[in-house]
Amino acid sequence: MAAQKRWRFAMVCSSNMNRSMEAHAVLGRAALDVESYGTGSQVKLPGPSMHEPNVYDFGTPYGGIYDDLRRKDPDLYKRNGLLPMLKRNIGVKVAPQRWQDNAGDGVFDMILTFEERVFDLVVEDMNNREPRLFKSVLIINMDVKDNHEEASVGAKLALDLCQKLEGVHDDWEEIIDDLIAAFEKQHKRKLTYYTSFY
């Protein structure tokens, strides 16, 4: 009996801080092969007001962001959940990474995004890459609000979806419509999906 194919997953949100990192942590604990990214031009986190966000470059270590926010206003950033979120992130990887700069990270089997705008940016980026391997990649969007509670729910749904995909023994392209429809019915979530190529 042949060994079951292992999938390689990418979780993508805007800043690689909340939704993609919660999913990365949950999938990692389940021993799935997972990475995570953001698609924004910079990492943006809430600040003292809507007009004063905290902005960092991708690649700034989570530990450095944690120290910066703790220095600025530890009570505010603990209360709004940013410091606990950053502590979680520190335990998952070193720094937020930008999707558009990830070509050297290798090939993924499935890319899961958590909002339509991010999905569009990932699809656009993949379509702008010159296919060299002609290996298909499944890109799926599942809208998840960018707050801690919804990120937790979204991560559990992401795990369920990824485990279902890893359980596919045949060519996923043959069964993807049925698998997505069953997932949508079970979880009352609408998914959008697209196939691109490496």
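Along the sequence shown, residues are numbered consecutively beginning with 1.
Grouping the Ile, Leu, Val, Met, Phe, Trp and Tyr side chains by contacts below 4.5 angstrom, directly or via other members, places Leu161 with Leu138. One hydrophobic cluster, built from ILVMFWY side chains closer than 4.5 Å, holds both Leu82 and Val43. Both Leu157 and Trp7 belong to a common hydrophobic cluster when Ile, Leu, Val, Met, Phe, Trp and Tyr are linked at side-chain heavy-atom distances under 4.5 angstrom. By the criterion of side-chain heavy atoms lying less than 4.5 angstrom apart, applied directly or through intervening Ile, Leu, Val, Met, Phe, Trp or Tyr residues, Ile111 is grouped together with Leu133 in one hydrophobic cluster. There is a path of hydrophobic side-chain contacts, each under 4.5 Å, that joins Val26 to Leu32.
In this structure a side-chain-to-backbone donor-acceptor pair under 3.5 Å is missing from Arg132 to Tyr198. Checking side-chain atoms of Asp57 against main-chain N and O of Thr60 turns up no donor-acceptor pair under 3.5 Å. Within the 3.5 Å criterion, the main-chain N or O of Met21 finds no donor-acceptor partner in the side chain of Asn16. A donor-acceptor contact shorter than 3.5 Å links the side chain of Arg8 to the backbone of Val107.
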Inset, instruction - Output, in order, the C-alpha distance, side-chain angles, deciding distance and verdict of side-chain contact (heavy atoms from CB on, under 4.5 Å) for Ile139 and Met126. - result: CA-CA 10 Å; Ile139 307 170; Met126 289 302 299; 4.0 Å; yes

Inset, instruction - List the steps, then state whether side-chain contact (heavy atoms from CB on, under 4.5 Å) holds for Asp120 with Asn141. - result: CA-CA 9 Å; Asp120 292 342; Asn141 183 66; over 6 Å; no

Inset, instruction - For Asp67 and Arg70, run salt bridge (Lys or Arg N to Asp or Glu O under 4.0 Å): C-alpha distance rounded to whole Å, both residues' side-chain angles, the deciding distance at 0.1 Å, then the answer. - result: CA-CA 5 Å; Asp67 291 342; Arg70 196 175 60 191; 3.6 Å; yes

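A salt bridge links Asp68 with Lys72: the closest approach of a Lys/Arg side-chain nitrogen to an acidic carboxylate oxygen falls below 4.0 angstrom. Taking the charged nitrogens against the carboxylate oxygens, Asp109 and Lys135 do have a contact shorter than 4.0 Å, which makes a salt bridge. Salt-bridge formation is not detected for the pair Lys190/Asp143: no Lys NZ or Arg NE/NH1/NH2 atom is positioned less than 4.0 Å from an Asp or Glu carboxylate oxygen. Salt-bridge formation is not detected for the pair Glu184/Lys164: no Lys NZ or Arg NE/NH1/NH2 atom is positioned less than 4.0 Å from an Asp or Glu carboxylate oxygen. A salt bridge does not link Lys156 with Asp160: none of the charged nitrogens is closer than 4.0 Å to a carboxylate oxygen.
Minimum interatomic distance between Lys93 and Ala95 (heavy atoms only, all atoms of both residues): CE-O, 3.2 Å. Taking each heavy atom of Gln163 and Ala30 in turn, the nearest pair found is NE2-CB, 4.3 Å. Closest approach of Phe114 to Ala23, counting heavy atoms only: CZ-CB, 3.7 Å. The minimum heavy-atom distance linking Asn80 with Tyr77 is given by the pair OD1-O, 3.0 Å.
Residues Asp146 and Ser14 have side chains not in contact (no heavy-atom distance under 4.5 Å, counting atoms from C-beta outward). By the 4.5 Å heavy-atom criterion applied to side chains, Cys162 and Met11 are counted as neighbours. For the pair Leu69/Tyr66, no side-chain contact is recorded, criterion being any heavy-atom separation below 4.5 Å from C-beta on. Asp101 places none of its side-chain heavy atoms less than 4.5 Å from the side chain of Phe58. Residues Ser196 and Val123 have side chains not in contact (no heavy-atom distance under 4.5 Å, counting atoms from C-beta outward).
If you check the side chains of Glu173 and Thr195, you find no donor sitting under 3.5 Å from an acceptor.
Between the OH atom of Tyr37 and the SG atom of Cys13 there is a distance of 13.0 Å, given to the nearest 0.5 Å. Taken from CG in Asn18 to CD in Glu150, the straight-line distance is 10.5 Å, to the nearest 0.5 Å. A distance of 10.0 Å separates CD1 of Ile140 from OG1 of Thr192, quoted to the nearest 0.5 Å. For the atom pair OG1 (Thr39) and CZ (Phe119), the distance works out to 12.5 Å, reported to the nearest 0.5 Å. Expressed to the nearest 0.5 Å, how far OG of Ser15 lies from CD1 of Ile65 amounts to 9.0 Å. Interatomic distance, CG of Leu45 versus OH of Tyr56, reported as 6.5 Å (0.5 Å rounding).
Results of the side chain to side chain donor-acceptor pair (under 3.5 Å) test with Arg19 over His24, Glu115, His148 single out Glu115 as the only residue that passes.
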Using distance only, find each side-chain donor-acceptor pair of residues 83-92 under 3.5 Å and give its atom names and separation, not counting sequence neighbours.
| from | atom 1 | to | atom 2 | distance (Å) |
| --- | --- | --- | --- | --- |
| Arg88 | NH1 | Glu22 | OE1 | 2.7 |
| Arg88 | NH2 | Met17 | O | 2.8 |
| Asn89 | ND2 | Met17 | O | 3.0 |

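Ring-plane geometry between His187 and Phe183 is classed as tilted, the angle between the planes lying from 30 to 60 degrees on a 0 to 90 degree scale. Classified by interplanar angle (parallel below 30°, tilted 30° to 60°, perpendicular above 60°), the ring pair Phe108/Trp99 is tilted.
In this view, Tyr193 satisfies the ring-ring contact (aromatic ring centres under 6.0 Å, His included) rule with no residue, not counting sequence neighbours.
Val94 belongs to no hydrophobic cluster, as no Ile, Leu, Val, Met, Phe, Trp or Tyr side chain comes under 4.5 Å of its own.
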